[in-house]
Amino acid sequence: MQDTGEWHALSAHREALDGVHLRDLFNGDRHRGERLVAETDGWLLDYSKNRLTDETVEMLAALADRAGLRGRIEALLDGEPVNTTENRPAWHAALRQPDPPPEVREELDRMAAFAAEARDGRWQAVVNIGIGGSDLGPAMATAALGAYADTGLDVRFLSNVDGAHFREVTRGLDPARTLFIVVSKTFTTAETLANAITARDWIAHAVGAEQAGEHFAAVTASPNKAQEFGIDADTVFAMWDWVGGRYSLGSAGGLSLMTAVGPDAFADMLAGMHHIDEHFRSAPWNENLPALLGLIGIWNRNFWGWPTYAVLPYSQELALFPAYIQQLDMESSGKSVRADGTPVSTANGPVVWGQPGTNGQHAFHQLLHQGTDIVPVEFIGFCRPNHELADHQDLLMANLFAQAEALAFGAPDAGDPHRQFPGNRPSTVLLGDQLTPRSLGQLIAVYEHKVFTQATVWGINPFDQWGVELGKTLATKIAAELAGMAEPSPTRDSSTQSLINRYVGSRGSVTR
Ligand code: F6P
């Protein structure tokens with residue numbers, strides 16, 4: 001894309017904005033903050049506090065057209081094989097269609113029946129075992145929708161192979177009343193299998209090996225492997241190969257969430273996702289929330305050169321949202337070759353980080369306000385809380401508005417160099433009416449399609465993740481050596497081998 005006229009025009013346009021402060025842009029245009037916004041169904045995107053003009057938005061829209069974004073969206077939503085390196089669709093949109101494909105409908109019905117049973121009082125706790133996309137989405141959404149969890153069921157998430165995680169997640173649980181849902185698309189992920197085996201032993205120890213299987217369900221694209229593990233076919237749910245792990249919350253990958261909030265709330269979340277799918281398909285670029293977020297992401301990453309951005313939800317319920325976005329964005333966008341195998345020639349995949357406001361203000365906002373690097377921020381907040389403490393909500397939102405204001409406009413020269421607030425630091429605000437299952441679904445889909453918009457401009461395939469494979473292969477070899485099942489590699493570097501030797505010489509079980 002960087003060889004196109006649209007890209008060159010944007011580069012020149014960006015240079016013309018050198019030295020233009022956000023203060024100038026607002027002072028010269030009294031209605032900028034009302035105009036540079038987009039809305040859909042209870043969500044407002046205010047992008048006016050970015051270093052851009054109306055002309056920038058038009059030029060970015062032209063870039064989107066040049067990249068063929070409209071056609072790519074059709075291909076994505078219609079289930080064409082957009083995941084070219086794995087030759088399959090990335091058809092998460094099918095999961096949330098009002099009239100989904102029959103196999104999807106059937107699985108949703110099976111999930112609803114299973115969830116209804118799981119919620120009827122037999123179980124004290126449901127523990128989701130999975131990692132990456134088989135953990136981050138349901139864990140984030142279950143926390144986000146805590147106000148909608150209408151039974152006493154305690155839904156927990158076990159992901160890390162670190163035994164401390166097993167210890168903490170199972171702390172206080174009665175194995176006789178605990179149900180595990182093992183979520184693994186491949187059913188080969190080492191961390192998940194290790195945790196599932198430990199969970200099975202923990203259950204068997206309490207209720208006997210014959211009964212242990214009743215305490216397990218699985219969600220996978222490899223049902224045979226789940227059954228070999230000892231999980232009855234009746235409680236094995238499908239995850240199709242055309243659903244990527246980090247896009248799988250709307251599939252049976254969200255089963256633990258459904259046990260927490262029930263099938264109706266889950267359906268509302270799917271409806272919210274579908275709303276954004278159709279919005280993405282049809283809204284003009286300058287009214288299209290995911291496309292605008294993505295195009296502004298391109299503008300900030302490629303034309304201003306900022307390598308990182310922060311996602312800051314002013315919502316404790318969205319505490320896990322930044323971690324969820326880290327996988328969604330960084331596993332999708334961190335690529336060094338384009339979909340056609342040629343090397344990329346522009347930067348992509350920004351580093352994403354963040355945590356909820358107001359906590360972050362007392363941790364890292366110092367750097368956002370006065371640091372030498374510019375970090376564009378995406379603020380997320382809501383007009384109505386899911387609690388009765390209205391004064392807390394006012395205080396929370398006052399902080400969101402104040403942070404965006406301070407970043408953009410800074411403060412007049414204070415004399416003291418340490419107290420300078422230069423401002424001109426870009427941010428975007430996503431303001432929702434209320435965090436509900438529907439609005440959460442919308443928020444998730446906005447970010448999914450933001451990532452897709454950027455990938456389309458960069459020409460990369462956002463749906464594969466080959467970069468995670470080498471580490472898995474090496475860990476498997478080292479684990480075999482640690483277990484005494486293999487000899488040390490004679491070609492291994494001296495640092496890695498010395499560290500392994502040191503570990504082997506010092507390892508042991510619990511010492512207190
Ligand atoms: O870390 C790589 C990855 O493949 C992710 O993309 C995926 O979400 C995660 O591992 C878990 O994979 P699985 O669901 O197959 O256990």
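Numbers for residues simply follow the sequence, beginning at 1. Counting starts at 1 for both ligands and their atoms, in listed order.
Heavy-atom contacts of Val468 reach the following atoms of ligand 1: 2 (C) (cutoff under 4.0 Å). Listed by number with element, the atoms of ligand 1 under 4.0 angstrom from any heavy atom of Lys472 are 2 (C), 4 (O). The Thr189 neighbourhood of ligand 1 comprises atoms 12 (O), 13 (P), 15 (O), 16 (O), with distances under 4.0 Å to a heavy atom of that residue. Taking every heavy atom of Gln327 and a limit of under 4.0 angstrom, the matching atoms of ligand 1 come to 5 (C), 6 (O), 8 (O).
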Test Phe364 against Trp353 for ring-ring contact (aromatic ring centres under 6.0 Å, His included), laying out the working first.
CA-CA 11 Å; Phe364 52 78; Trp353 54 283; 4.9 Å; yes
| said: For Trp123 and Phe180: C-alpha separation, side-chain torsions, deciding distance, then whether ring-ring contact (aromatic ring centres under 6.0 Å, His included) applies. | reply: CA-CA 10 Å; Trp123 305 112; Phe180 286 93; 9.5 Å; no
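In this structure, the protein non-hydrogen atom closest to atom 7 (C) of ligand 1 is Gly133 N, 3.9 Å. Atom 1 (O) of ligand 1 has as its closest protein heavy atom Glu331 OE2, 3.5 Å. Nearest protein heavy-atom contact of atom 11 (C) of ligand 1 is Ile131 O, 3.2 Å.
Ring centroids of Phe114 and Phe237 are separated by less than 6.0 Å, placing the two rings close together. Separation of the Trp299 and Tyr47 ring centroids does not fall under the 6.0 Å cut-off.
Geometrically, ligand 1 and Ser184 share a nitrogen or oxygen pair separated by less than 3.5 Å.
Under 4.0 Å from ligand 1, heavy atoms of Thr186 appear from its side chain as well as its backbone. By the criterion of a heavy-atom distance under 4.0 Å, both the backbone and the side chain of Lys185 are placed next to ligand 1.
Between Asp150 and Arg119, at least one side-chain nitrogen of the basic residue sits less than 4.0 Å from a carboxylate oxygen of the acidic one, meeting the salt-bridge criterion. Between Glu103 and Arg110, none of the side-chain N atoms (NZ, or NE/NH1/NH2) sits under 4.0 Å from a carboxylate O, so this pair counts as no salt bridge. Between Lys472 and Glu191 there is no salt bridge, since none of the side-chain N atoms of the basic residue sits less than 4.0 Å from a carboxylate O of the acidic one.
The shortest non-hydrogen separation linking Gln124 to Asp174 is OE1-N, 3.0 Å.
Contact analysis leaves Met239 out of contact with ligand 1, as no non-hydrogen atom separation drops below 4.0 angstrom.
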